[in-house]
Protein chains: 2
Amino acid sequence: MNVKTPPHPGSKKDVSRQGGCFHKYLFSKILRQTLSLVPSPSYPMPSVTVENYLKQIYLLQQGGELAPMGGLAVAVGVTPGTATSMVKTLADANLADYAPRAGVRLTEAGTRLALQVLRRHRLIELFLVQTLGLDWSEVHDEAEELEHAISDKVLEKIDALLGHPDTDPHGDPIPPSTGKPRQQKLTPLTECTPDMAGEVARVTDQAAEFLQFVDRQGLTPGAQFTVESQSPTADAITVRPHNREPVTLGTAAAMKIMVKVEE
Amino acid sequence: MNVKTPPHPGSKKDVSRQGGCFHKYLFSKILRQTLSLVPSPSYPMPSVTVENYLKQIYLLQQGGELAPMGGLAVAVGVTPGTATSMVKTLADANLADYAPRAGVRLTEAGTRLALQVLRRHRLIELFLVQTLGLDWSEVHDEAEELEHAISDKVLEKIDALLGHPDTDPHGDPIPPSTGKPRQQKLTPLTECTPDMAGEVARVTDQAAEFLQFVDRQGLTPGAQFTVESQSPTADAITVRPHNREPVTLGTAAAMKIMVKVEE
DNA sequence: CACTAGACTTTGATTGGTCAAAGTTGTTAT
DNA sequence: ATAACAACTTTGACCAATCAAAGTCTAGTG
Ligand SMILES: [Mn+2]
Ligand SMILES: [Mn+2]
Ligand SMILES: [Mn+2]
Ligand SMILES: [Mn+2]
């Protein structure tokens with residue numbers, strides 16, 4: 001089954017056009033089918049662009065908040081005007097609720113699609129590390145493309161091959177194919193105090209350089225450590241991974257490392 | 001490195017436009033860099049569309065012939081007008097030579113790109129069969145998408161994992177990463193005569209139904225067989241795969257099966 | 001040699017996605 | 001309250017890719 005580009009119906013001059021920069025009416029119509037109450041027989045696949053916006057909105061709205069338009073524009077790499085225009089389209093398609101000058105939030109249908117993209121992204125990342133032996137610092141960019149190209153069939157084969165994992169190489173949870181994603185309760189390393197022991201659970205920065213640094217210092221997810229010292233005034237925290245040299249991190253860096261604290 | 005959409009320079013009214021439907025002048029300019037004599041530092045990636053056209057032209061022009069525009073339009077799934085327009089763009093970009101009303105042929109640069117796409121396609125097909133366990137009848141469509149999403153790095157990992165194979169699941173040769181593709185000298189099954197023995201080498205039809213049939217009858221690449229009878233008049237040939245029931249094929253079907261004849 | 005049918009090209013329009021630049025607003029700080 | 005500013009939206013344009021329909025060639029056929 002190929003990606004079916006929506007047919008080109010309304011040829012010649014066509015119907016109502018309100019003023020300004022108003023395109024996309026057909027697109028909206030098609031997406032609207034996606035969430036029709038009757039389970040539609042053939043889903044029209046959302047475009048790569050739509051998938052990217054949905055995923056970024058999902059990631060920005062963590063915790064019921066509205067995702068800010070500015071942040072969204074930066075996240076998808078477009079100008080603010082482009083983001084506004086696209087978000088309106090998503091709202092027309094009932095994939096998002098848009099509050100002008102306040103922000104955007106996904107609807108139920110939008111969330112469902114976003115989670116599918118996220119699942120693909122994270123399973124692919126793990127696959128690239130586990131099966132093909134890429135470094136965890138390179139897989140994010142690869143997955144950014146592949147997440148739009150892989151079919152459900154291939155995805156489920158990968159999932160099975162990996163043994164139905166539930167976290168990706170960075171410790172991010174892999175959403176299940178249906179249902180709500182698990183919610184881990186993790187602590188940022190910044191909130192740890194001296195003598196606390198814990199385990200690195202998640203690294204929330206995909207920048208290759210940072211990931212390589214974290215790996216070199218032995219702080220990849222799963223690594224056990226003890227906090228040696230911590231000082232908000234010095235803006236730094238020193239931790240000692242088991243059987244490793246101690247590492248001192250500034251607050252900005254430590255905030256990107258989420259840990260599971262021993263109780 | 002993300003797919004860099006070419007920047008949007010010449011804003012506002014801009015330079016020369018000859019009459020008619022003349023877009024794509026910028027696009028051409030960018031692609032032209034690809035084959036500049038100076039090795040350009042950052043290749044602008046050809047779009048998915050360009051990759052698909054190049055691949056299909058390559059496959060249609062087998063043997064120095066000009067690929068016919070009509071066949072190309074069918075192959076890429078667009079109307080003839082669209083194919084004409086795109087081929088002109090490719091010619092502007094020096095990826096193809098276009099002879100109006102005669103056909104199109106790839107240039108050196110176009111051939112290089114086409115072979116890269118074909119290499120990705122076929123390695124991916126084999127990977128999907130070998131590593132993920134998909135059926136050989138489903139991998140073509142999957143690869144049609146993935147061939148545009150996979151980086152050189154991932155491709156070389158796959159190549160290594162598969163042991164640098166030289167044919168895909170259908171027996172099609174996998175072009176090497178540099179240099180000319182191997183040329184097999186194969187015989188269509190239609191040209192075999194009774195009592196000849198041989199080995200299936202290649203099945204040149206990607207239709208799932210045909211591939212499933214071939215598999216059921218035991219005529220997948222590598223299968224040894226003997227010709228039982230052949231009659232151009234009856235338009236049919238009967239072959240017996242080793243340790244299998246004999247199969248009778250019409251000429252149209254037998255032509256799609258290429259074999260290596262025992263000398 | 002003139003005709004014609006099919007293959008191809010041209011023309012004009014559409015859509016999704018984008019940007020630059022100008023216009024609008026809501027929120028802070030005086 | 002008001003001014004300033006950053007964040008956001010609007011406007012008008014562009015480009016790649018496409019189609020439908022109308023126009024043009026060309027290779028036969030008679
Ligand atoms: Mn992406
Ligand atoms: Mn990740
Ligand atoms: Mn393709
Ligand atoms: Mn193949």
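A quick note: this is a predicted structure, and the numbers were derived from the prediction, not measured. Chain A is the first sequence line, chain B the second, and so forth, proteins listed ahead of strands; every chain is numbered from 1.
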In residues 53-60 of chain B, what donor-acceptor pairs under 3.5 Å come from side-chain atoms, sequence neighbours left out?
unit_1  : atom_1 : unit_2   : atom_2 : d
B/Lys55 : NZ     : B/His121 : ND1    : 3.4
B/Lys55 : NZ     : B/Glu144 : OE1    : 3.0
B/Lys55 : NZ     : B/Glu144 : OE2    : 2.8
B/Lys55 : NZ     : B/Glu147 : OE1    : 2.9
B/Lys55 : NZ     : B/Glu147 : OE2    : 3.0

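- As a whole-Å value, the separation of B/Leu66 CG from C/dA7 P is 17 Å.
- Proximity of B/Ser47 to the phosphate of D/dA16: no side-chain N or O atom is located under 4.0 Å from OP1 or OP2.
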I'd like a table of atom pairs between the protein and nucleotides 4-6 of chain C - only N or O on both sides, under 3.5 Å - with the distance next to each one.
none

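- Nearest nucleotide to the side chain of B/Thr79, out of D/dC8, D/dC19, D/dT10: D/dC19.
- With sequence neighbours left out, A/Glu138 forms a side-chain hydrogen bond (donor to acceptor under 3.5 Å, both in side chains) with B/Lys153.
- A distance-only check finds a donor-acceptor pair linking the side chain of B/Gln61 to the backbone of B/Leu106 [under 3.5 Å].
- Judged as a salt bridge (Lys or Arg N to Asp or Glu O under 4.0 Å), and not counting sequence neighbours, the contacts of B/Arg119 are B/Glu156, B/Asp159.
- Within the 4.0 Å cut-off from OP1 or OP2 of D/dC8, not a single side-chain nitrogen or oxygen of A/Tyr98 is found.
- Backbone-only contact: A/Gly70 has heavy atoms under 4.0 Å from sugar-phosphate atoms and none from a base.
- Contact annotation: B/Thr84 side-chain N/O to C/dC8 OP1/OP2 distance is not under 4.0 Å.
- Nearest to the side chain of B/Met69, among C/dG17, D/dT18, C/dC8, sits C/dC8.
- Side-chain N/O atoms of A/Tyr53 include one lying less than 4.0 angstrom from OP1 or OP2 on C/dT18.
- Between the CG atom of A/Asn52 and the C1' atom of C/dG16 there is a distance of 14 Å, given to the nearest Å.
- By the side-chain hydrogen bond (donor to acceptor under 3.5 Å, both in side chains) test, A/Asp97 is found to be paired with no residue, residues two or more places apart in sequence or in another chain being considered.
- Put simply, the side chain of A/Arg105 never gets that close to the backbone of A/Ala67: no donor and acceptor are under 3.5 Å apart.
- Taking the side-chain hydrogen bond (donor to acceptor under 3.5 Å, both in side chains) definition, one finds that B/Thr49 meets it with nothing, sequence neighbours left out.
- The nucleotide whose nearest atom lies closest to any side-chain atom of A/Val50 is, among D/dT9, C/dC8, C/dG17, C/dG17.
- Between A/Leu72 atom CG and C/dG17 atom C1' there is a gap of 14 Å when expressed in whole angstrom units.
- Contact check, A/Lys88 against D/dT9: no side-chain N or O comes under 4.0 Å of OP1 or OP2.
- Rounded to an integer number of Å, the gap from CD of A/Glu51 to P of C/dG17 is 11 Å.
- Relative to the side chain of B/Met86, the nucleotides D/dA17, D/dC19, D/dT9 differ in distance, and D/dA17 lies closest.
- Each of C/dG17, D/dT9, C/dT18 was ranked by its minimum atom distance to the side chain of A/Val78; first place goes to C/dT18.
- Between B/Phe127 and A/Phe127, the angle of the ring planes goes over 60°, which puts this pair in the perpendicular group of the 30/60° scheme.
- Comparing atom distances between the A/Thr49 side chain and each of D/dC8, D/dC19, C/dG17 picks out C/dG17 as nearest.
- For the pair A/Leu54 CG and C/dG17 P, the interatomic distance rounds to 11 Å; values are reported in whole Å.
- Here the P atom of nucleotide D/dA16 and the CG atom of B/Leu95 are 14 Å apart, to the nearest Å.
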